[in-house]
Amino acid sequence: MAKIEISPPPSGSAAPRPAAIRDWLRLVRPGDWLVVLGGLAAVGASFPLFWQGGLADRAIIRQEGKVFAEVDLKARRQVEVAGPLGTTLIAVEPGRVRVVSDPGPRQYCVRQGWLMRPGQIAICAPNRVSVQIAGRTRVYDSISY
Amino acid sequence: MTRSVIDHGPAAAPAGDGAASQTDEASAQGAAKAGRGGSAPRPAVTQLRVTAEDRRVAWLATAAVGLSLVDAAIPTPLPGVKPGLANIVTLVVLARYGWGTAVWVSALRVLAGSLLLGYFLAPGFFLSLTGTTLSLVTLGLARHLPGRWFGPVSLSILAAFAHIGGQLLLARAWLIPHDGVFLLTPVFAAAALVFGTINGLIAAKLLVEPAPTEAA
């Protein structure tokens with residue numbers, strides 16, 4: 001019954017590989033190519049559509065709720081933010097940002113690690129510093145805990 | 001199954017019940033006159049007549065279930081991303097025996113496959129059922145495309161997209177009621193395109209060969 005034959009039938013030609021590929025290509029009808037191309041386009045379009053906000057291209061660093069700096073996530077650099085407890089050190093790399101060190105007692109924002117997606121935020125509440133990745137679109141209007 | 005003929009009684013002649021009972025009464029008039037209680041009650045025998053079509057559906061469903069098991073044995077990096085080899089059977093059945101048979105084979109495959117793999121009535125079962133239903137609907141529509149231009153590869157890709165679409169919608173509506181589910185869409189769509197193309201090519205290859213003669 002339905003026997004699955006994955007290998008192409010032996011054609012007996014001197015160069016088996018191109019012949020095998022041609023055998024498979026013969027099974028694809030003209031409209032099939034259109035469907036494959038349409039599928040590729042749909043898959044390609046789905047990445048920016050569903051991975052909302054696109055790429056992480058900018059980070060907003062806030063201190064006391066006010067914007068301290070807006071940094072481009074293209075170059076590698078470090079930003080020092082002074083707060084009531086001391087200095088929060090923020091590292092910027094292409095496409096990502098993180099809090100390297102913070103004088104806060106529990107180190108939540110440091111342990112959060114790299115932020116890579118638009119809308120991600122690390123808040124160092126004791127030192128009143130936050131760093132957030134901004135995308136083209138805002139994922140959340142507000143977050144409440 | 002609508003194809004199976006269910007007959008009650010031993011005198012299941014195609015002549016019809018009325019005629020059969022008349023001749024019965026005529027031949028056994030003496031016994032009947034003595035009293036109805038005395039006559040032997042009709043044994044209620046239910047005969048399921050298995051047609052060649054039934055056998056074919058069963059065989060094809062077996063092949064599909066076997067491929068589902070192979071599918072489940074292949075390790076995947078992400079749950080939900082599967083080659084869906086059983087769809088090859090669905091495509092071949094659709095082309096050779098029509099949409100109705102394809103529905104039967106798919107339904108039996110989902111049922112038996114879930115029983116064998118132990119997820120019958122678990123969330124995975126409903127995901128599988130929804131995906132299969134949607135892809136069958138899509139196949140039912142897509143098979144009317146001009147065959148000269150659109151072959152099994154097209155049908156396979158469209159069905160694969162319908163399959164993941166249905167699964168994602170059910171997952172969003174029921175299992176994970178959060179839009180975060182749709183973050184997986186690009187990955188699933190890419191997998192559907194790749195595996196849909198491969199399955200379609202295999203199905204096309206099988207369809208080039210002449211139809212197997214019925215052994216049963």
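To find a chain, count down the sequence lines: A is the first, B the second, and so on, and within it residues start at 1. Computed from heavy atoms alone, side chains included, the values below leave out hydrogens, waters and symmetry copies.
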Report task. State whether a side-chain donor-acceptor pair under 3.5 Å links B:Ser156 with B:Asn199. Result -> no

Requested in this report: Assess the side chains of B:Ser68 and B:Asp71: does a donor N or O sit below 3.5 Å from an acceptor N or O?
Outcome: no

Contact origin within [X] toward chain A - heavy atom pairs under 4.5 Å:
X	answer
B:Leu193	side chain
B:Val92	neither
B:Phe161	side chain

Report summary line: Looking only at B:Pro146, B:Gly147, B:Ala160, most heavy-atom pairs under 4.5 Å shared with chain A are made by B:Gly147

Report task. Run the numbers on B:Phe150 and B:Leu155 for side-chain contact (heavy atoms from CB on, under 4.5 Å), then give the verdict. Result -> CA-CA 8 Å; B:Phe150 299 95; B:Leu155 294 184; over 6 Å; no

Requested in this report: Specify whether B:Phe120 and B:Phe125 have parallel, tilted or perpendicular ring planes, treating 30° as the upper limit for parallel and 60° as the lower limit for perpendicular.
Outcome: perpendicular

